[in-house]
Chemist: 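Sharing a structure here in structure tokens format.
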Amino acid sequence: DFAFCGGNFNTITLNDKITQIGYRSFANCANLTEITIPASVKKIYELAFTDCSQLVKVDCMSRSVPTAVSVYMPAAYWGAFPTNKGLQIHIATTMYKSYSGWSNFSNYMVEKPYAWYNYNVANYSINSAQSLYELSLLTNGDAEALAIVGESAAVTFAEKSVKLAKDVDLSTICSETHGSWLPIGNFSGTFDGNSKTISSLYSSSTSYMGLFANTSGATIKNLTVNGIVNRTNTNDDSYHYVGGVVGSATNSIIENCISDVDITMTSSSGNAVMSSFIGGVCGYSYYSNIVACQYTGNISYNQGEWEYTHHIGGIVGFSSNTNIIACVKPIGNVYGELTQAYSSVGGIVGFAVESSSYHTTACYSNANVKGRIPGMIMGYCNYRQSTGNPNTSNCYYSSTTTKTSQSGTVKGVGSDNYGGSWSGYDSGTAVADDVDGAVADMNTAIDTWNTSNPTILCNYKYANVDGVITLVAAE
């Protein structure tokens, strides 16, 4: 107590062996302007820096909030710091703002990089482009980022939740000037968009493109993303997983997400690129559920001479054992200038490898579709239980959109491995000439899904809005 009271200091950096700062230890240090409190400090007693009239910067290094100790006064009057004009208390974690004593100074606190993250916390809040970028660095195992937060390996956020607190504009992080967005890495937690929008996404590099590179055991929900994916493929001989929201999803749930991301990919003649999986929402989906998602952007892919097969869908490019429920492509183009025989394009799904337990149900497409094996709902279905019983059901498409095939007639499904011809068929799908009838049929299918899948409910229904089939929140 009173250790340096009244001392003539300007700036102080305390020794990292110190574990506590006693009662009025630096009180009345009239010339003190800055002090750094090391991470070793576990307790700070009341009035420790009171009456330091020039103090304007306190740098708190610890990511574990030191206990505010009150001995002579109630905790609410801890009063460790003066409330000088211009005072900034730089905090390493947002937890300072809610802790007893410290919370009295929340208006003076400035968040340091990664302040939103603390390994002891289960629920996180992201409120800026910088914080979202920091999330990406942590999930991608950036060495500098991990050192700052005290982690030794990439953070997956398994069994944790990240909520978007407000709309975020990424234009200061990624653009043609700033370079490509670094997609959020192997994410295994819950990302709740909280009905907010992430805008100005610009993704132009890596094999995984989109807001998220890949997810495993994750839930991505209640999110709108807009921006651009734009890449010219080179001789990198790699697979590409491209989605407006997620590049590749495994054992994940993507629900109530809207992608307004324009995707343009081209290949110069002679380039040798492996398969690409391109979806307006998700590029590649494996044992996942995609529910009540919409894609309002445009996809254009111009395949090179030596490339392998590519699969492009308004919602999902390549779907393997995935339920796609009540998803909509209300406007825009899904175009693929494709040269390889088994390359496929669909208004909802490009290529589906599924079983009797997984279905594309109650989906609607009003997209303009063009491709080698095109389907208004699904390009190629690699599974049918029997003739006339595909894994698509209760799906509808508009008769007024442009449908161009490099092989034959375009219908609901382009082809399948059960003997379906290249000219397409409509089993499980239909033209939505009767809007009210289509709405009623898809809503019945949604009710059936909800009854059978109470843990992954679709909280949306279809409605006839001025003659347009529209997905709306269920009442």
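We count residues from 1, following the sequence as given.
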Chemist: Taking side chain to side chain donor-acceptor pair (under 3.5 Å) as the test, write out the residues that go with Lys160, two or more places apart.
Modeler: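 Lys160 satisfies side chain to side chain donor-acceptor pair (under 3.5 Å) with Tyr124 once adjacent residues are dropped.
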Chemist: If only side-chain N and O atoms count, and only distance matters, is there a donor-acceptor pair under 3.5 Å linking Ser161 with Thr190?
Modeler: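 On atom types as modelled, these side chains do not qualify, holding no pair under 3.5 Å.
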Chemist: Going by atom types alone, do Asn230 and Thr264 pair a side-chain donor with an acceptor below 3.5 Å?
Modeler: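 No, Thr264 and Asn230 have no side-chain donor paired with an acceptor closer than 3.5 Å.
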Chemist: For the residue pair Tyr301 and His310, is the inter-centroid distance of their aromatic rings smaller than 6.0 Å?
Modeler: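 Yes, the ring centres sit under 6.0 Å apart.
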Chemist: Taking side chain to side chain donor-acceptor pair (under 3.5 Å) as the cut-off, I'd like each qualifying pair that reaches into residues 324-336, sequence neighbours left out, listed once.
Modeler: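 Those involving residues 324-336 are Asn333-Asn368.
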Chemist: Which of these, Leu457, Thr361, Asn450, Asn453, sits in a side chain to side chain contact (heavy atoms under 4.5 Å, CB included) with Ile325?
Modeler: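 The residue from Leu457, Thr361, Asn450, Asn453 that satisfies side chain to side chain contact (heavy atoms under 4.5 Å, CB included) with Ile325 turns out to be Thr361.
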Chemist: Between Gln88 and Met109, does the side chain to side chain contact (heavy atoms under 4.5 Å, CB included) criterion hold? Intermediate values first, please.
Modeler: CA-CA 6 Å; Gln88 292 186 345; Met109 292 180 179; over 6 Å; no
Chemist: So if I apply the side-chain hydrogen bond (donor to acceptor under 3.5 Å, both in side chains) rule between Ser252 and each of Asn289, Thr219, Thr215, Asn214, which one comes out positive?
Modeler: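 With Ser252 as partner, side-chain hydrogen bond (donor to acceptor under 3.5 Å, both in side chains) holds for just one option, Thr215.
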Chemist: Once side chain to side chain donor-acceptor pair (under 3.5 Å) is applied, what residue pairs with a partner in residues 31-44 remain, sequence neighbours excluded?
Modeler: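 Applying side chain to side chain donor-acceptor pair (under 3.5 Å) to every pair that reaches into residues 31-44, excluding sequence neighbours, yields Asn8-Asn31.
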Chemist: Taking only residues two or more places apart in sequence or in another chain, which ones pass ring pair (Phe, Tyr, Trp, His ring centres under 6.0 Å) with Tyr99?
Modeler: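 Checked Tyr99 against ring pair (Phe, Tyr, Trp, His ring centres under 6.0 Å); zero matches.
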Chemist: State yes or no: are the ring centers of Phe212 and Phe191 separated by less than 6.0 Å?
Modeler: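 Under 6.0 Å, so yes.
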Chemist: Would you check if there is a donor-acceptor pair between the side chains of Asn222 and Asn194 at a distance under 3.5 Å?
Modeler: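 Not at all, the side chains of Asn194 and Asn222 share no donor-acceptor pair under 3.5 Å.
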Chemist: Pairs under 3.5 angstrom only: tabulate donor-acceptor contacts from the side chains of residues 20-30 to other protein residues two or more places apart or in another chain.
Modeler:
{"from": "Arg24", "atom 1": "NH2", "to": "Asn28", "atom 2": "OD1", "distance (Å)": "3.2"}
{"from": "Ser25", "atom 1": "OG", "to": "Gly22", "atom 2": "N", "distance (Å)": "3.0"}
{"from": "Ser25", "atom 1": "OG", "to": "Gly22", "atom 2": "O", "distance (Å)": "2.8"}

Chemist: Once ring pair (Phe, Tyr, Trp, His ring centres under 6.0 Å) is applied, do any residues pair with Trp102, and if so which ones, sequence neighbours excluded?
Modeler: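 Per chain and number, Trp102 pairs via ring pair (Phe, Tyr, Trp, His ring centres under 6.0 Å) with Trp78, Phe81, Tyr96.
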